Amino acid sequence: MSTKRACDACHRRKIRCAGGQPCWNCGHASLSCTYNAIPQKKGPKGNRAKVISELRETKLRDHANTGGYVDGFDTVTPPLSPPSSHKSEIIDQQLVSRCIESFFIHLYPTIPIFEKGALVNRAKNMSTSIDNYCLMTSLCAFVLTQPGHRVNVSGFSGGSRLTSHDLGKATFEEAIRIRKLSSFIERPNSDAVVTAYLLFGCCFCLDKHSTAWFYLREAATLAEIIGMDEESYYLSTDTTAGIRERRLFWVIFITERSIHL
DNA sequence: TTATTCGGAAATTAAAAACA
DNA sequence: GTTTTTAATTTCCGAATAAT
């Protein structure tokens, strides 16, 4: 019988975690007991039954070889080692809350693509899924890199003295890192569209114009792939979400056609 | 002797395939 | 639709090593 979820320290130490706050091990070792690591998605990704298909392939090849035929290809590639699931120390709930507040005060009037309640809800659950965490890091990066928008960042990043802009850069790097863990290319959704758009905004403000253009195109392409350019797409979403997603589509559409990088 | 580290087996989970 | 199979991640056992 194992714990539902081990704390960060027990996970790192590879020891049994009884749960709780703090857990017994952290309490005993005077460690801060956190549960910040983002769990990876379990289970097969993409084409499955790799082993059996490889074995069948090998059998076929052997058969071909004994029959005097060699195809010349070796399609068996070693699996990639899984990326680290450990979260950086950059983002926390307080920073996310401040960024959400700042977004709705300064940016929402021109980019009305989020619903505050839903966003706050997802912020609360940001440590439970990659998609939520990715959205929050992207949003924070977007807000923090905006020129002229000030978020009080004192007390963040382990006490280091970062400016809002530096923290924005660090958060942007984190958003890109975590986004790579998501399987959004194989299974695109509106989150992938939003994060691509937010990363476009970051790059634009960080003077990375080629990359900005790339992300804007990515947002537009993903939006098209999931069918946001079709009316039928919005029939499957509820009214509020549908309105936000329509706005998102048009924001991307208009930005792409009006911006000259 | 006690505490810590970490390789890797076992458990857990989820996606795809197979089946009814 | 449900069940089974497969492949991915997470937990944490227990041997090795370090610290006291």
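Given the structure is predicted, the values throughout are model-derived calculations rather than measurements.
Between A/R5 and C/dT11, a side-chain N or O to OP1/OP2 separation shorter than 4.0 Å is absent. Regarding contacts with the backbone of C/dT11, every side-chain N or O of A/R16 stays at 4.0 angstrom or more from both OP1 and OP2. A/H11 has a side-chain polar atom (N or O) that falls below the 4.0 Å cut-off from OP1 or OP2 of C/dT11.
Atom P of nucleotide B/dG8 and atom CZ of A/R13 are separated by 21 Å, given to the nearest angstrom. At whole-Å resolution of the value, NZ in A/K14 and P in B/dT5 are 12 Å apart. Between the P atom of B/dT4 and the CZ atom of A/R12 lies a distance of 14 Å, rounded to the nearest Å.
The partner of C/dA15, taking Watson-Crick or G-U wobble pairs whose two distances both stay under 3.5 Å, is B/dT5.
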- Task: Check the pair A/L119 / A/L135 against side-chain contact (heavy atoms from CB on, under 4.5 Å), numbers first and verdict last.
- Result: CA-CA 9 Å; A/L119 209 55; A/L135 177 66; 4.1 Å; yes
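Across B/dG7, C/dT11, B/dT5, the shortest atom-to-atom separation from the side chain of A/I15 is found for B/dT5.
In summary, the side chains of A/S190 and A/E245 do present a donor paired with an acceptor at a separation below 3.5 Å, with no hydrogens or angles considered.
Between the side chain of A/Y215 and the backbone N or O of A/T195 there is no donor-acceptor pair closer than 3.5 Å.
In this structure, A/R5 is not positioned above the aromatic face of A/Y35 in the sense of NZ or CZ being under 6.0 Å from the six-membered ring centre and within 45° of the axis.
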